[in-house]
Q: 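Sharing a structure here in structure tokens format.
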There are 2 protein chains.
Amino acid sequence: MKIPVRAASHSYDVTIGKGILKEATTALDYLFAKADKIVVLTDENVWHSQKDYFEANFPHAYHLHVMPAGETCKSFENYNTVQTFLLEQKCTRKSLIIAFGGGAVGDLAGFVASTYMRGIPFIQVPTTILAHDSAVGGKTAINHALGKNMIGAFYQPEAVIYDITFLHSLNEKEVRSGMAEVIKHALISDAQWVEELLEGEFVTQLPEETLVNYLAHGIQVKAKIVEQDETEQSVRKFLNLGHTYGHAIEAAAGYGRVAHGEAVMIGLLYTLLLSEQYGKVNHQFTKRFLQFALENGYPFEAVHEFTFEQLTEYLLKDKKVDYGQLQFVLLDTIGHPFVQKVELEKCEQIDQQLRALLEEVQQ
Amino acid sequence: MKIPVRAASHSYDVTIGKGILKEATTALDYLFAKADKIVVLTDENVWHSQKDYFEANFPHAYHLHVMPAGETCKSFENYNTVQTFLLEQKCTRKSLIIAFGGGAVGDLAGFVASTYMRGIPFIQVPTTILAHDSAVGGKTAINHALGKNMIGAFYQPEAVIYDITFLHSLNEKEVRSGMAEVIKHALISDAQWVEELLEGEFVTQLPEETLVNYLAHGIQVKAKIVEQDETEQSVRKFLNLGHTYGHAIEAAAGYGRVAHGEAVMIGLLYTLLLSEQYGKVNHQFTKRFLQFALENGYPFEAVHEFTFEQLTEYLLKDKKVDYGQLQFVLLDTIGHPFVQKVELEKCEQIDQQLRALLEEVQQ
């Protein structure tokens, strides 16, 4: 299945399906024919588990660079190391990068592509559920010691090849984490889809066909938003639903300890409580959503590890902060997001509500 | 005087004139009003010599960061240091960077602006003649240990404020170096202007009015080209006249030892010799051009310090290299540039001609 992404700077297709790597790559022959060199950037874990399938199905010769896995991949040092690799391989403006891996690999490889000789082409080949989100839309970044994703660029890939075969090596925690972004895509776009998710199978046990449909649906939601607002001046902010509070939890815990999607799930719950105040979301729905999350094994313990004061420091680092004021993406009703400035006092009040609700449910 | 630059991604004005800093800044009030913070990035030398005038004429409060001067400013380390400064100052997507200095400051500050939180606005306030070129057109970059300007982005400023007052602190070598880019702009656009330059005063002793007119003319030539081709897919390559061989000399000598413009002047002479072969430039003009360069104090000694073999390594690092083949910008006639693939053998032959010509003239 092909999903077009018509960003203002550049249009391209996301091809999604099972076992499509070879076919989708061949369909992009016009891109590969232009490349004087092909460089595959991946990480240790991905290469260890996916090497055989990749080698059997990727029909071009390439230079391989295997990076450390996890957020280390997005360090300043690794960014420099990869640039050195490209220069040593004598890559030119005509060279093509393949970002083969999860969100961290895609973010790093995309930022390298956007800045090597002021920009060379790259293709995203995501290998995780989480990357159905990060590989689409052109957000690239590396981390700075003082904040995650603080340095980056809006830079679109030439194509995204999403071969579901790669998902087989994911463990349950990775599937659960990735599905949080699918749930977010549902919450900002489609009440009926949310119902389907809440009433459906455990998110870690979805039939393959359902999973592919959900991922494609999520990508469509994202593509439509990116088409309207590539550089997050307006509606693209909606994609941050759950991320302001979620990022604060993730950062306070130290990156990697709480999975991104698990933190987003906590953030989504926080957002629903805020949306009760500023929108028409009712408390029954919020409780039902929490029940769904708990049944699906999303952990909420991290909330109790930090005081609101500790989280505040991270909340204020959010890139949406506007003239010193926090902005949240909220829901008016399910499927209808909006952006709301919220005073810190109100944030603290909702933080207390969240803690109370978690205690109530977990007793 | 205002010169519009209508790049595909973004339109803006270059304001040029003497003593205009305050007035031009005030005219941009709509930009400053949007900024939650203003950060001035400059270097030690610029700040030492221009501080008083800047402070007296820049009408806004700002956070100041003074960087090391010269190419050190464009190191990976300094890039990281400046990002740290912005994060520590709690700069947001609404913060505005002022790039106050020569080409190195502008390149670094522009690249920081293009990548801090995926892009924040910046204004170029150039202080050198060379920067009439580098501050316009949106090429930003830092250096990598393996090559100059290898990492960067195409990212346009919100405005360029070019106050000629700043040029007063330049020494003769800096003026001479900067004028090489003016001469390049003349060579690719206007035979009559070239005549005027060749027959005029020494480039280091131009009356102020003439200098301003030449700088404005150079900016207009560049703006017109950038409007047609922002990301150097086609005609923007013309702006590289003299730079392929020039960069090789500059790199072989070790950056800073031969001034950029002095190296470009050597490259322009090389280009004229090549243009005799592929275009209609006649040898009489080339000799006249060399005479003009020598009379104006441009040094050519650097050529004799390296063999062609030593230069080859650097020639092949040129970003215009296409599928392993060197590309030069040449002149068909004066004012009419074109791009030509040239075999390395031919390059060597012209290199020998250049050496012979220099010996002939200098005997």
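Quick note on labels: first sequence line is chain A, next is B, and so on, each numbered from 1. Worth knowing before you read on, the calculation uses all heavy atoms, side chains too, and leaves out hydrogens, waters and symmetry mates.
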Q: With under 30° as parallel and over 60° as perpendicular, where do the rings of B:Tyr79 and A:Phe76 fit, or are they tilted in between?
A: tilted
Q: Can you check whether A:Thr140's main-chain N or O pairs, donor with acceptor, with B:Arg118's side chain at less than 3.5 Å?
A: yes
Q: So does B:Lys94 have more than 12 non-hydrogen atoms from other groups sitting under 6.0 Å from NZ?
A: yes
Q: Within a 6.0 Å radius of atom NZ on B:Lys341, are there more than 12 heavy atoms belonging to other residues, nucleotides or ligands?
A: yes
Q: How about CD on A:Glu345, more than 12 heavy atoms from neighbouring residues, nucleotides or ligands closer than 6.0 Å, or not?
A: no
Q: Just verifying a value: how many Å separate B:Arg93 CZ and A:Gln233 CD, rounded to the nearest 0.5 Å?
A: 8.0 Å
Q: Output the option from A:Leu316, A:Ile151, A:Asp36 having the highest count of non-hydrogen pairs under 4.5 Å with chain B.
A: A:Ile151
Q: Does any heavy atom of chain A fall under 4.5 Å from the side chain of B:Lys139, the backbone, both, or neither of them?
A: both
Q: Looking at A:Asp318, A:Leu146, A:Leu86, A:Thr231, which one has more heavy-atom pairs under 4.5 Å with chain B than the rest?
A: A:Leu146
Q: B:Lys34 versus chain A, heavy atoms under 4.5 Å apart: side chain, backbone, both or neither?
A: both
Q: Does the side chain of B:His144 come within less than 4.5 Å of A:Asn80's, by heavy atoms?
A: yes
Q: Go through the atoms of B:Tyr155 and report whether side chain, backbone, both or neither lie under 4.5 Å from a heavy atom of chain A.
A: neither
Q: Sort out for me which of A:Asp322, A:Val321, A:Ile142, A:Asn149 touches chain B most, counting heavy-atom pairs under 4.5 Å.
A: A:Asp322
Q: Does atom CD of B:Glu309 have more than 12 heavy-atom neighbours from other groups under 6.0 Å away?
A: yes
Q: Please report the interatomic distance NZ(B:Lys317) to CE(A:Met117), rounded to the nearest 0.5 Å.
A: 9.5 Å
Q: Tell me, for B:Thr92 versus chain A, whether the close heavy atoms (under 4.5 Å) come from the side chain, the backbone, both or neither.
A: side chain
Q: For the atom pair CE (A:Met150) and OG1 (B:Thr84), what is the distance rounded to the nearest 0.5 Å?
A: 12.0 Å
Q: Which bit of B:Lys319 is near chain A, if near means a heavy-atom gap under 4.5 Å: side chain, backbone, both or neither?
A: both
